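Just so we're on the same page: letters track the sequence lines, and every chain starts at 1. Being a predicted model, the structure only gives us computed values, none of them experimental.
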Number of protein chains: 2
Amino acid sequence: MPVTVLLVDDEPLVRAGLRAVLEAQPDIEVVGEAADGAAVIPLVRRLRPDVVAMDVRMPLMDGIEATRAVLRTVAEPPKILVVTTFEDDEYVYEALRAGADGFLLKRARPAEIAHAVRLVAEGESLLFPASVRRLATRYGDGARPARAVLERARLTEREAEVLRLMARGLSNAEIAARLVVGAETVKSHVSSVLAKLGARDRTQAVIAAYESGFVEAG
Amino acid sequence: MPVTVLLVDDEPLVRAGLRAVLEAQPDIEVVGEAADGAAVIPLVRRLRPDVVAMDVRMPLMDGIEATRAVLRTVAEPPKILVVTTFEDDEYVYEALRAGADGFLLKRARPAEIAHAVRLVAEGESLLFPASVRRLATRYGDGARPARAVLERARLTEREAEVLRLMARGLSNAEIAARLVVGAETVKSHVSSVLAKLGARDRTQAVIAAYESGFVEAG
DNA sequence: GACCGTCTCCCCCGTGCGGGGGAGGTCCGT
DNA sequence: ACGGACCTCCCCCGCACGGGGGAGACGGTC
């Protein structure tokens with residue numbers, strides 16, 4: 001029987017590409033897609049895929065967190081194949097610690113992509129040589145701002161709602177009116193958001209929202 | 001008759017994704033693919049596509065060079081739609097200077113991608129689909145031809161520089177230090193930027209910068 | 001029952017921000 | 001020679017913002 005795969009990536013284009021590449025393989029079947037890590041667990045429970053092809057950077061819950069969540073909560077977890085661009089290989093180490101089984105670069109050729117899926121499905125772990133080499137040299141430096149944003153972005157629902165409105169240019173008073181709460185309450189939420197995002201002011205918070213994909217341009 | 005498209009991207013995954021997205025459209029047909037800018041000219045000559053979807057970053061000849069080459073050497077050149085994930089807005093200007101007709105982010109939704117292809121095929125120039133239109137309507141300028149985002153917002157060089165730093169989360173004092181001018185000067189520029197963008201505060205200005213593609217989310 | 005996280009609201013307080021003016025300088029095109 | 005952008009710096013002023021506290025109410029968990 002074919003290897004079943006669940007695709008998790010916030011970019012529809014990448015999902016379409018992976019689907020096209022993998023479905024061209026007779027022994028691989030794409031059984032589902034998700035646009036964010038937050039949606040993964042129920043899908044894994046329902047679809048029971050052999051492999052989850054997981055993007056690293058996603059709006060609500062990144063691939064690292066999602067990997068941890070799946071491995072922690074699902075009884076017979078699927079293999080996790082982390083899909084990433086070579087630019088953000090700072091994530092490699094984190095992903096491996098989270099329990100990912102394999103690593104794949106988006107710029108890989110179709111045959112390599114399919115090969116990677118087969119390998120992790122069989123229980124082999126695989127890494128891309130270049131990535132591994134670099135993580136050895138990179139590991140040790142501290143400053144990783146983009147990572148910090150995603151990791152600390154443990155926003156509550158209300159905070160996320162406030163951030164969304166902040167990212168639409170609303171003032172605290174306007175947000176308060178919109179949410180039908182007091183201005184003090186909004187200030188409180190804003191402060192939490194700033195703290196969790198490591199932002200100094202609302203402008204930096206909005207930047208983080210865009211950069212992390214929490215809100216999308218266009 | 002359908003709009004014919006030539007895909008130029010070094011990553012097969014992206015080509016597969018674009019092909020999947022575009023071929024789902026009844027009025028768009030992918031007539032060819034190339035993995036590098038160096039291969040574009042003969043393909044354009046032979047296939048005569050309406051639109052070339054061109055990646056910026058490629059091994060042998062990048063999208064900017066390839067765009068120049070095509071427009072310089074082909075008699076009736078196709079429309080060039082530059083496709084990129086690249087953060088650096090320098091590429092936007094370079095691409096537009098090179099004669100590109102449109103600009104598209106890879107993280108766009110399928111409908112937007114298809115829409116972008118149709119628009120440039122019809123001779124409309126577009127930078128970032130929904131956002132630029134917003135700018136155009138808001139500032140009501142009539143000048144349509146492929147101009148930089150800068151000129152659409154009518155920002156001066158200095159103002160654009162200040163906006164770029166604002167969009168990186170810098171305070172007025174930090175911008176002043178960076179540009180080696182007085183804080184009052186920065187305030188002055190910021191005020192101009194806010195006025196020209198129709199923004200109430202720096203947060204709204206930064207939002208406009210992202211939405212217009214003046215800066216890109218990474 | 002005790003505990004914790006979340007949402008809600010409240011105080012004080014300093015300051016960065018933005019609006020409204022103005023003014024001197026250069027460089028440009030006419 | 002003159003106007004007109006543009007960049008630079010300056011004044012006053014009001015206020016939204018953000019920090020640092022705290023507190024009551026609700027819903028879960030242990």
Do A:I80 and A:V52 come close enough that some side-chain heavy atom pair is under 4.5 Å? yes
Looking only at the side chain of B:E184 (C-beta and beyond, no hydrogens), which of the listed nucleotides C:dC17, D:dG19, D:dC9 gets closest? D:dC9
Would B:R158 and B:E161 pass as an ion pair if we require N to O under 4.0 Å? yes
May I ask you to evaluate whether B:T156 reaches the phosphate of D:dC7, defined as a side-chain N or O under 4.0 Å from OP1 or OP2? yes
Check the distance between D:dT8's C1' and B:H189's NE2 and give it to me in whole angstrom. 7 Å
Please give, in whole Å, the distance from D:dA16 P to A:L170 CG? 15 Å
Need to verify one output field. Residue with the more 5' nearest nucleotide on DNA chain D, B:G182 or A:T203? B:G182
Could you work out which one of D:dT8, D:dG19, C:dC7 sits closest to the side chain of B:V181? D:dT8
In short, A:R48 meets A:R45 closest at the heavy-atom pair CG-O, 3.7 Å
Separation of D:dA5 atom P from B:E157 atom CD, nearest Å, is 18 Å
From the set C:dC17, D:dT8, D:dC17, return the single nucleotide nearest to any side-chain atom of B:N172. C:dC17
Want to settle it: does B:D201 or B:L179 sit nearer the 5' end of DNA chain D, counting the closest nucleotide to each? B:L179
May I have the distance from A:K187 (atom NZ) to D:dG22 (atom C1'), rounded to whole angstrom? 14 Å
Figure out the CD/C1' separation between A:E159 and C:dT8, and round it to whole Å. 13 Å
Given C:dG19, D:dC9, D:dG19, the nucleotide with the shortest approach to the side chain of A:L194: D:dG19
Short side-chain N/O contact from B:R200 to OP1 or OP2 of C:dG18, under 4.0 Å: no
For the student: nearest non-hydrogen atoms of B:P78 and B:L71, plus distance: O-CD2, 4.3 Å
Heavy-atom pair of closest approach, residues B:I207 and A:A167: CD1-O, 3.1 Å
Are B:T185 and D:dC9 close enough that a side-chain N or O sits under 4.0 Å from OP1 or OP2? yes
Which part of the nucleic acid does B:S188 contact within heavy-atom distance under 4.0 Å: base, sugar-phosphate only, or nothing? base
